[in-house]
Structures are given as structure tokens and as C-alpha cells.
Amino acid sequence: MTGMHERLVVAPAGRLRAVLGVIRGARRRLVLSIFRCDDALVLRALARASARGVRVSAIVTARARASARDLDRVCEWLVAHAIEVRRPVAYAKYHAKYLVADERVALVTSLNYTATCFTRTCDFVLVTRDPAVVSGLTALFAADWSAEPAVLTAAERERLIVGPDHDPRARFGALLQEARQRVRLLDTKLSDGATCRVIDACRDAGIAVAIARRRAVRPLRAHGKLLLIDDRAAVIGSLALSPASLDRRRELAVVVRDPRLVATLDTFWRSLVEPAGAAAGLGAPGPFVELAS
């Protein structure tokens with residue numbers, strides 16, 4: 001059981017605390033990936049970790065739309081605070097979002113370290129001590145830092161979906177084929193033909209399919225990706241079901257099967273279409289979800 005080792009943060013109010021908690025808890029080693037970062041508290045927490053003797057290393061994407069100068073400044077700031085930086089060029093974008101402290105606790109998320117993602121987006125944060133996730137992310141970081149192929153164990157690959165190396169299209173297809181009653185998908189970039197055909201097959205088999213595609217989730221904005229399979233499994237992360245995301249970018253998603261955490265994501269999903277969700281601080285409902293039977 002991994003549930004005893006994991007907690008899930010969905011509401012915006014808890015996201016920054018979760019990120020800072022993992023950074024501040026590091027004592028020896030901290031590795032993380034950065035796609036965008038403009039939050040001063042996160043940057044200061046990284047600098048303080050380095051100052052107290054933690055070896056901090058960051059993989060920063062080589063490119064992100066409309067953010068080249070900002071990324072350059074972030075890298076300069078990190079290096080000035082004795083933080084190691086690599087900017088891999090093997091991928092169109094390094095879009096995976098994760099952090100590992102002391103090879104003991106990890107954070108897998110869909111958000112960027114920005115004010116927008118900490119306050120105004122639909123995003124997901126999983127804080128975990130599951131050895132398979134922690135060791136898998138540690139191995140992934142080491143491989144990407146050294147520009148080597150990422151090799152994960154079977155247990156690590158059971159939890160982590162790593163694109164493009166480990167055939168994420170097939171992994172999502174297999175998960176969709178587990179569905180017996182319903183599929184719910186939050187992905188504004190859904191466009192991959194093979195995946196859409198698997199979804200159509202689910203629908204043809206009588207499985208209820210609901211797809212959230214639109215950007216606006218009043219008062220929030222869709223950003224993180226979520227797949228719910230019945231009430232038994234969920235996938236969260238940065239990996240969109242689009243050809244660019246599946247085939248050309250370093251992406252990451254994590255599979256969640258703990259019933260308690262899946263129920264939390266189910267509550268979030270229902271907040272998209274039911275007024276009761278607003279009371280949980282997950283965002284007011286809006287005309288967001290396409291229902292298909």
C-alpha cells in the first residue's frame with residue numbers, strides 16, 4: 001500500500017506550502033526540474049537549502065514559449081546561489097515537474113513554480129515517500145543530468161509514466177482499457193489520434209466518457225492533466241495526450257491507485273460540474289465538461 005506514504009494537494013491554498021515543505025525538509029541532497037519559476041519564496045527556499053549545505057541541482061528546460069529571458073535570469077540566479085544547473089537539449093522541452101529531497105521524499109506535480117499556478121490554475125501535487133516513485137525520479141534525474149537513457153525498474157515504471165522514452169501512448173492506452181464503467185479526462189490538449197481511438201472504443205463498449213477540454217474552470221484555469229478510471233485509478237502530471245507531448249518532450253505522470261487519493265480526485269472532478277464542489281475550495285462549477293455516452 002502506497003497510500004500511507006502519500007498525500008495529494010489539489011486546492012490552490014495548499015500547493016505552495018507543499019512545495020516549500022519538501023524543499024525546507026532537505027538536509028543533504030535536493031534535485032528538481034524547472035519549466036517556469038517566478039515565485040520568490042520558492043527561489044529563496046532553494047537558496048537557503050544551498051546555504052545550509054544541501055547540494056541542490058536543477059534541470060531547467062532549454063526552451064519555453066515566451067519565457068527565454070526569464071529562464072536565463074532564473075538560471076543565473078540559481079548559479080549565483082551555488083545551485084547546479086543543466087539545460088538539456090535532447091528534448092523539444094523539458095516539461096516534467098518533480099522534486100526529490102534526500103532520496104527520501106518526492107513531489108510530482110503538474111504545476112510550475114509561478115504565482116499563476118499557485119493561485120489560479122487547476123493543478124495537482126502528490127507528495128510521496130513511496131520507494132518506487134522516489135527511486136524512479138532519482139534515476140530519471142541522474143539520467144537526464146548525464147544525457148543518458150532513463151532506465152527504470154518494473155516497480156518504478158508501474159508508478160511513473162515517462163515520456164517519450166517509455167511509450168506513454170501505450171501506457172495510457174492500457175489504463176483506458178482497464179475501464180469498466182467510466183472514464184473522466186481533464187486535458188485541454190487532447191489531440192492524439194491513437195489515444196482518441198481508444199477513448200472511442202471505450203465509449204462504443206458502453207463506458208461513460210466525460211472529457212474536460214476547455215481552459216476556463218471558473219474562477220480557475222485548466223493546466224494540470226488528470227485521468228480517472230472508474231473509482232480505482234487516476235493519473236496526474238504534466239503529460240498531455242497530444243503528439244508533441246507524447247513524442248517529443250520530457251514529460252512525467254504518476255499513477256495513483258490508493259482509494260483515498262482517487263476519491264479526492266473524484267471530488268475535484270465533481271466540483272467541475274456540481275455546485276457542491278465550490279464549497280470544498282476547488283473552484284466554482286462551470287460549463288466545462290463534455291459528457292459522452
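On a predicted model such as this, the values are computed, not experimentally measured, just so you know.
Classification of Asp231 and Arg180 as a salt-bridged pair fails, no side-chain N sitting under 4.0 Å from a carboxylate O. Ion pairing between a basic and an acidic side chain is recognised when a charged N comes within 4.0 Å of a carboxylate O; Arg171 and Asp167 show no such pairing. Looking at Asp266 and Arg182, a side-chain N of the basic residue comes within less than 4.0 Å of a carboxylate O on the acidic one, giving a salt bridge. In summary, Asp72 and Arg69 do not engage in a salt bridge, as defined by a charged side-chain N under 4.0 Å from a carboxylate O. Looking at Asp200 and Arg197, no side-chain N of the basic residue comes within less than 4.0 Å of a carboxylate O on the acidic one, giving no salt bridge.
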Verify side chain to side chain contact (heavy atoms under 4.5 Å, CB included) between Leu46 and Leu78, making sure each step is shown before the conclusion. CA-CA 8 Å; Leu46 293 171; Leu78 294 172; 4.2 Å; yes
Show the numbers, then the answer: is there a side chain to side chain contact (heavy atoms under 4.5 Å, CB included) between Thr121 and Leu220? CA-CA 5 Å; Thr121 60; Leu220 303 177; 5.9 Å; no
Please determine whether side chain to side chain contact (heavy atoms under 4.5 Å, CB included) holds for the pair Phe124 and Leu186, giving the CA-CA distance in whole Å, both sets of side-chain angles, and the decisive distance to 0.1 Å. CA-CA 12 Å; Phe124 311 98; Leu186 169 59; 4.0 Å; yes
Ser245 and Glu251: side-chain hydrogen bond (donor to acceptor under 3.5 Å, both in side chains), yes or no, with the steps? CA-CA 7 Å; Ser245 186; Glu251 297 280 6; 3.0 Å; yes
From CA spacing to verdict: side-chain hydrogen bond (donor to acceptor under 3.5 Å, both in side chains), Thr114, Asn112: CA-CA 5 Å; Thr114 64; Asn112 298 309; 5.1 Å; no
Begin from the C-alpha positions of Tyr91 and Asp165 and carry the test side chain to side chain contact (heavy atoms under 4.5 Å, CB included) through to its verdict. CA-CA 11 Å; Tyr91 307 100; Asp165 306 39; 3.8 Å; yes
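At distances below 3.5 Å, not a single donor-acceptor pair connects side-chain atoms of Ser146 with backbone N or O atoms of Glu148. In this structure, the side chain of Arg52 engages the main chain of Ala26 through a donor-acceptor pair within 3.5 Å. Of the possible polar contacts, one joining the Lys225 side chain to the His223 backbone as a donor-acceptor pair under 3.5 Å is found. Listed for the Asp187 side chain is no donor-acceptor partner under 3.5 Å among the backbone atoms of Ala240. A donor-acceptor pair under 3.5 Å links the side-chain atoms of Arg15 to the main chain of Cys117, judged by distance alone. Using modelled atom types, no side-chain atom of Asp123 and backbone atom of Phe118 make a donor-acceptor pair closer than 3.5 Å. A donor-acceptor pair is defined here as one N or O able to donate and one able to accept, closer than 3.5 Å; such a pair exists between the side chain of Ser238 and the backbone of His95. Checked by atom type and distance alone, the side chain of Arg250 never pairs as donor or acceptor with a backbone atom of Ala96 at under 3.5 Å. Panel note: side chain Arg87, backbone Thr61; a donor-acceptor pair is recorded below 3.5 Å. Panel note: side chain Thr267, backbone Ala263; a donor-acceptor pair is recorded below 3.5 Å.
Screening Arg257, Arg159, Arg129 for a salt bridge (charged side-chain N to carboxylate O under 4.0 Å, His left out) involving Glu6 leaves a single residue, Arg159.
The shortest heavy-atom contact between Val183 and Ala179 is CG2-CB, 3.6 Å. Across all non-hydrogen atoms, the minimal contact from Ala18 to Leu107 is O-CD1, 3.8 Å. Residues Gly173 and Val198 approach most closely at O-CG1, 4.0 Å, considering heavy atoms. The two residues Phe141 and Ser57 have their closest heavy-atom pair at CZ-O, 3.6 Å. Between Val256 and Val262, the shortest heavy-atom contact is O-CG2, 3.7 Å. For the pair Val54 and Arg29, the tightest heavy-atom approach, listed with the atom from each and the gap, is CG1-N, 3.7 Å.
Remark: Arg24 CZ to Arg17 CZ distance equals 11.0 Å, nearest 0.5 Å. Here the straight-line distance linking atom CD of Glu84 with atom OG of Ser50 works out to 9.0 Å at 0.5 Å rounding. Of the inter-residue distances, the one linking Ser33 atom OG with Arg86 atom CZ reads 15.5 Å to the nearest 0.5 angstrom. Annotation: the span from Ile83 atom CD1 to Leu30 atom CG amounts to 8.5 Å, rounded to 0.5 Å. With rounding to the nearest 0.5 angstrom, the OG1 atom of Thr109 is 7.5 Å from the NZ atom of Lys97. Rounding to the nearest 0.5 Å gives a distance of 11.5 Å between CG of Leu228 and CG of Leu175.
Taking 4.5 Å as the limit, every side-chain heavy atom of Ile236 sits out of range of all side-chain heavy atoms of Ser110. A heavy-atom distance below 4.5 Å is not found between the side chains of Leu160 and Tyr98. Looking only at side-chain heavy atoms (C-beta outward), Tyr113 and Phe35 stay at 4.5 Å or farther from each other. Side chains of Leu8 and Asp258 form no contact here, defined as non-hydrogen atoms less than 4.5 Å apart. Within the 4.5 Å cutoff, the side chain of Leu32 has no heavy atoms near those of the Ile23 side chain. Side-chain contact between Ile161 and Val255 is present, with at least one heavy-atom pair separated by less than 4.5 Å. With contacts defined as side-chain heavy-atom distances shorter than 4.5 Å, the pair Glu156/Leu140 does not qualify. No side-chain heavy atom of Leu241 sits less than 4.5 Å from a side-chain heavy atom of Leu227.
By the 6.0 Å contact criterion, CD on Glu178 is enclosed, its count of non-hydrogen atoms from other residues, nucleotides or ligands being greater than 12.
When hydrophobic clusters are built by joining Ile, Leu, Val, Met, Phe, Trp and Tyr residues whose side-chain heavy atoms come closer than 4.5 Å, directly or via intermediates, Val100 is not grouped with Val42. In terms of hydrophobic clustering, with Ile, Leu, Val, Met, Phe, Trp and Tyr side chains grouped at heavy-atom distances under 4.5 Å, Val133 and Val125 are assigned to different clusters. Linking ILVMFWY side-chain heavy atoms closer than 4.5 Å, directly or via other members, places Leu190 and Leu176 in a single hydrophobic cluster. Cluster annotation: Leu239 and Leu111 are assigned to distinct hydrophobic clusters (Ile/Leu/Val/Met/Phe/Trp/Tyr, side-chain heavy-atom contacts under 4.5 Å, transitive). Note on Leu16: it does not cluster hydrophobically with Leu126, by side-chain heavy-atom contacts below 4.5 Å among ILVMFWY residues.
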